[in-house]
Number of protein chains: 2
Amino acid sequence: MQRTGKRIGYHDEELEIARFAKALSHPVRIKILRLLENQTCCFTGEMTAMIPMAQSTISQHLKALHEAGLIQGEINPPRVKYCVNRENWERARELFDQFFSDSPNAFSC
Amino acid sequence: MQRTGKRIGYHDEELEIARFAKALSHPVRIKILRLLENQTCCFTGEMTAMIPMAQSTISQHLKALHEAGLIQGEINPPRVKYCVNRENWERARELFDQFFSDSPNAFSC
DNA sequence: ATAGTTTATCGTAAATTTACGATAATAACT
DNA sequence: AGTTATTATCGTAAATTTACGATAAACTAT
């Protein structure tokens, strides 16, 4: 992804949006977030029960969402209760909202 | 990405969001869309002049955005004039807006 | 026809993502 | 101590992404 000496000067916001977008770029992660949004479930196990994927794979996707900051986990032995991370969720909402809305004159090129 | 016989039943919206998100998951593609949004430029060449990346790489990213439906190109020989695709842009805005907003009870898990 | 300009495509190498099963880790129970 | 239940991590293979230079394609202009 970065092979030459050339540096592209990205703005923080560009990196931020891309980072959130990357977390949302797999349908199963969208599904997981939807489940958390609807409070249909919270424990990892409930997700693995509802999504026909290996437990390790679900865990991997949860990790991706966690690293992007979109979810957080609370240990509740032996289980882990996940939920949406309010602060970053709001931040992501704001970024996407802004990104899509400040485009008044972009269409008629 | 799909190696077993198991099929995960994704909803169309989940696939749609993931698809748009994937298009937005690289900072240079965000940058390109920003340029188009601000009408700073429209021709491929203007982008390759502003972004220190190989022309072929820029073209590849434009292709990705085009395939996701976010931009469209109008041939204007020997150049190509790109702009945001109004319909799909609105669709994406709608999807993300919806996705981030219907989460009233998700935080207090 | 030839040359010039602009953009897309090809070939390819390196990096990353995605999925799986197997195993480890953690903490509660016998 | 040993068992059980739940989740994370490891190792790994296949697929995809990303970047580049080289080349082709398309269309103008000479």
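Here is how names work: the chains are called A, B, and so on, in the same order as the sequence lines, proteins then strands, and each is numbered from 1.
A:N85 contributes a side-chain N or O that, together with a main-chain N or O of A:E87, makes up a donor-acceptor pair within less than 3.5 Å. A:N88 places a side-chain N or O within donor-acceptor distance of the main-chain N or O of A:G69, the cut-off being under 3.5 Å. A:K63 contributes no side-chain N or O that, together with a main-chain N or O of A:I58, makes up a donor-acceptor pair within less than 3.5 Å.
As rounded to whole Å, 13 Å separates atom P of D:dT18 from atom CD1 of B:I58. Spacing between atom NE2 of A:H66 and atom P of D:dT7 amounts to 15 Å, rounded to whole angstrom units. For the pair B:E67 CD and D:dT16 P, the computed distance is 13 Å after rounding to whole Å. Taking atom CG on B:N76 and atom C1' on C:dT6, their separation rounds to 11 Å, with Å as the unit. Distance CD (B:E46) to C1' (C:dT7): 14 Å, rounded to an integer number of Å. B:E74 places its CD atom 18 Å from the P atom of D:dA26, with the value rounded to the nearest Å. Rounded to whole angstrom, the span from the CG atom of B:L24 across to the P atom of D:dT17 amounts to 15 Å. Rounded to whole Å, atom C1' of D:dT16 lies 15 Å from atom CZ of B:R19.
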Take A:R19 and A:E16, measure what salt bridge (Lys or Arg N to Asp or Glu O under 4.0 Å) needs, and give me the verdict at the end. CA-CA 5 Å; A:R19 189 175 155 79; A:E16 237 184 326; over 6 Å; no
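For an aromatic pair to be called close, the ring centres must be under 6.0 Å apart, and B:F100 with A:F96 satisfies this. The ring of A:W89 has its center closer than 6.0 angstrom to the ring center of B:F99.
Phosphate contact (OP1/OP2 of C:dT17, side-chain N/O of A:H61, threshold under 4.0 Å): absent. Put simply, A:H26 has a side-chain N or O that comes within less than 4.0 Å of OP1 or OP2 on C:dA19. At C:dT17, one or more side-chain N or O atoms of A:K22 fall inside 4.0 Å of OP1 or OP2 (strictly under the cut-off).
Along DNA chain C, the nucleotide nearest to B:R79 and the one nearest to A:V28 differ in position, and the one closer to the 5' end is contacted by B:R79.
In this structure, B:P78 reaches the bases: a heavy-atom distance under 4.0 Å links it to at least one base atom across the strands shown.
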Give me the distances for all protein-to-nucleotides 8-11 of chain D N/O pairs that come in under 3.5 Å?
residue	atom	partner	partner atom	Å
D:dA8	OP1	A:Y82	OH	2.4
D:dA8	OP2	A:S59	OG	2.9
D:dA8	N7	A:Q55	NE2	2.9
D:dA8	N6	A:Q55	OE1	3.1

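For B:I75, the CD1 atom sits in a loose shell: 12 or fewer heavy atoms of surrounding residues, nucleotides or ligands are nearer than 6.0 Å.
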